[in-house]
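Working notes for the structure below.
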Amino acid sequence: MKTLLVTGGAGFIGANFVLKAVAAGNRVVNLDKLTYAGNLQTLAALEDTPLHTFVKGDIGDRELIKTLLSEHRPDAVVNFAAESHVDRSIDGPAAFIETNVVGTLGLLEATRDYWRGLEGDAAESFRFLHVSTDEVYGSLGDEGYFTETTPYAPNSPYSASKAASDHLVRAFHHTYGLPVLTTNCSNNYGPYQFPEKLIPLVIQKALAGESLPIYGDGMNVRDWLFVEDHCDAIRRVLEAGRVGETYNVGGNSERANIVVVKTICAILDDVAPLASGQPHESLITFVRDRPGHDRRYAIDARKLKNELGWSPAHTFETGIRETVQWYLENKPWVQGILDGSYKLERLGA
Ligand code: NAD
């Protein structure tokens, strides 16, 4: 049993991670600011367990982090907290710098001070794991893969802010000796994803019989990874990753956006046909592209496989079917979000 301070654990990936970590018997202190993307409904199953402590707060609040660290004495900090949507970063980059860069700095400083006060095994085994993205590497052409040594070339305010945070994490290792680990993962999908992101957005719109907007020509390629596989990879890196190293995490599942959307349409034709009898694919419409839209991301995850034995348990086909099914069975969870300020509208145009 470990004690983890998890940040951003009311968001999509963080909450999936927390649910599994608690189920495995770990104690989790979950710090989340509850921005529009944070959702306590996702954590409802943990309400009565003493293994989970939820704290509403900001990763940049050094005093709060200091108090949490000294009260709970975690074995590791896992940093998911971030502004995470590229389209929102186009409309308003400042919040991305505030949380992803300045906030991460605050978290790092408070963690460094706590770690310096640890002794013996506690100091030796402590880890700070920073969850990042493959978007820091920029855009690929038709060939090639991102490896851990690919130079950083972020193209959106979101990826630039994540790149800056990765550099700070690296610097805290080299300058202060903080035992850090960084994971750079490809696009995730699965249960509890906020419906502004491509896959849940398409599922919601298709279920409602609304048009399915595809940016540009639909040929932008992402390497899709089922969220549970990402969470497993993070656990594995936390257990056995080499301090100071970065690990790429990917699904070996490159798909063009148009293929992703057509796959969802075919599954829905099967499990939730439209009353009109039309195929869901007939709802597809092409809309103006995202400004600066990266063409292709593809991950070489061999380091993680060779060193730590991780590979994804889901193919895109099994993961996407499971995901569609989850959204069909959890309509109240989505409705809880759509009752708020977000109404599936286009952002970052
Ligand atoms: P998300 O937007 O669903 O969740 C982010 C969470 O962080 C929310 O609960 C939000 O309330 C919280 N948060 C935001 N600002 C905060 C602050 N200042 N202090 C404390 N909490 C704050 O994001 P996600 O998709 O779950 O992504 C989690 C992490 O994984 C991010 O760091 C993201 O960059 C990274 N990542 C995401 C993907 C993906 O496909 N979603 C892929 C690779 C890496």
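In each ligand, atom 1 is the first atom listed, and ligand 1 is the first ligand listed. Remember, it's a predicted structure, so these values are computed and weren't measured experimentally. When a residue number appears, it is its place in the shown sequence, counting from 1.
On a distance-only criterion, T133 and ligand 1 share no N/O pair closer than 3.5 Å. The N/O atoms of L31, backbone and side chain alike, include none that comes under 3.5 Å of an N/O atom in ligand 1. On a distance-only criterion, I13 and ligand 1 share at least one N/O pair closer than 3.5 Å. Inclusion of C185 in the set of residues having an N or O under 3.5 Å from an N or O of ligand 1 is not warranted. Annotation: H230 places no N or O atom under 3.5 Å from an N or O atom of ligand 1; distance criterion only. The N/O atoms of E83, backbone and side chain alike, include none that comes under 3.5 Å of an N/O atom in ligand 1. At least one N/O-N/O distance between T99 and ligand 1 falls below 3.5 Å. Ligand 1 has a nitrogen or oxygen under 3.5 angstrom from a nitrogen or oxygen of S84. Residue-to-ligand polar distances place K162 within reach of ligand 1: an N/O pair is separated by less than 3.5 Å.
With a 6.0 Å radius and a threshold of 12 heavy atoms from other residues, nucleotides or ligands, D142 has its CG atom at or below the threshold. Enclosure of atom NZ in K305 is not indicated, since only 12 or fewer non-hydrogen atoms of other residues, nucleotides or ligands lie within 6.0 angstrom. No more than 12 heavy atoms of other residues, nucleotides or ligands shown are found within 6.0 angstrom of CG on D121. E143 CD: 12 or fewer foreign heavy atoms inside a 6.0 Å radius. For E98, the CD atom sits in a loose shell: 12 or fewer heavy atoms of surrounding residues, nucleotides or ligands are nearer than 6.0 Å.
In this structure, G57 has a heavy atom closer than 4.0 Å to ligand 1. The closest approach between a heavy atom of F80 and any atom of ligand 1 is below 4.0 Å. Assignment of S132 to the shell around ligand 1 is supported, since a heavy atom sits closer than 4.0 Å. For A10, the closest heavy-atom approach to ligand 1 falls below 4.0 Å. At a 4.0 Å cut-off, not a single heavy atom of T7 sits close enough to ligand 1 to count as contact. Residue A15 places no heavy atom under 4.0 Å from ligand 1.
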Worked verdict on S186 versus D134 for side chain to side chain donor-acceptor pair (under 3.5 Å)
CA-CA 5 Å; S186 59; D134 62 350; 4.9 Å; no

Side chain to side chain donor-acceptor pair (under 3.5 Å), that's the test. Do Y152 and D166 meet it? Break it down for me.
CA-CA 10 Å; Y152 274 32; D166 292 7; 2.7 Å; yes

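Close contacts of ligand 1 with T35, meaning ligand atoms under 4.0 Å from a residue heavy atom, involve 10 (C), 11 (O), 14 (C), 15 (N). With ligand atoms numbered from 1 in the order given, ligand 1 contributes 11 (O) to contacts under 4.0 Å with heavy atoms of L34. Atom numbering of ligand 1 starts at 1 in the shown order; those under 4.0 Å from a heavy atom of V131 are 30 (O), 32 (O). Counting atoms of ligand 1 from 1 in the listed order, those under 4.0 Å from a heavy atom of G38 are 8 (C), 9 (O), 11 (O). With ligand atoms numbered from 1 in the order given, ligand 1 contributes 17 (C), 18 (N), 19 (N) to contacts under 4.0 Å with heavy atoms of D58. Listed by atom number, the atoms of ligand 1 under 4.0 Å from N187 heavy atoms are 40 (O).
For atom 4 (O) of ligand 1, the closest non-hydrogen atom of the protein is G11 CA, 3.4 Å. The closest protein non-hydrogen atom to atom 8 (C) of ligand 1 is D32 OD2, 3.6 Å. The nearest protein atom to atom 21 (N) of ligand 1, hydrogens excluded, is given as K33 N, 3.0 Å; this is a heavy-atom distance. Looking from atom 40 (O) of ligand 1 to the surrounding protein, the closest heavy atom is N188 N, 2.8 Å. Looking only at protein heavy atoms, the nearest one to atom 19 (N) of ligand 1 is I59 N, 3.0 Å. Looking only at heavy atoms of the protein, atom 3 (O) of ligand 1 is closest to F12 N, 3.0 Å.
For atom 5 (C) of ligand 1, the nearest non-hydrogen atom from the set A82, G190, S161 comes from A82. Taking each of S186, A81, G106 in turn, the one with a heavy atom nearest to atom 42 (C) of ligand 1 proves to be S186.
With salt bridges taken as basic N to acidic carboxylate O contacts below 4.0 Å, none links K2 and D75.
When all heavy atoms of N30 and L43 are compared, the pair lying nearest together is ND2-CD1, 3.5 Å. Nearest heavy-atom pair across D223 and N252 is OD1-N, 3.2 Å.
By the 6.0 Å and 45° rule, R88 stacks over the aromatic ring of Y36. Geometrically, R296 engages Y145 in a cation-pi contact defined by less than 6.0 Å to the ring centre and at most 45° from the axis. Note that R290 lies outside the cation-pi zone of Y215, set by a 6.0 Å cut-off to the ring centre and a 45° limit from the axis.
If you take OH on Y114 and NZ on K66, they are separated by 14.0 Å, rounding to the nearest 0.5 Å. Residue H173 holds its NE2 atom at 13.5 Å from CZ of F128, rounded to the nearest 0.5 Å. Atoms CD1 and OG1, from I65 and T111 in turn, are 7.0 Å apart once rounded to the nearest 0.5 Å.
Counting heavy atoms closer than 4.0 Å to ligand 1, residue Y158 contributes side-chain atoms (C-beta onward) but none from N, CA, C or O. The residue E98 has no part lying near ligand 1, judged by heavy-atom distances below 4.0 Å. At a 4.0 Å heavy-atom cut-off, ligand 1 does not touch N79 at all.
Ring geometry, W224 versus F316: the interplanar angle falls from 30° to 60°, so the pair is classed tilted.
Side-chain contact check for Y192 and Q41: no donor-acceptor pair (N or O, by modelled atom type) lies under 3.5 Å.
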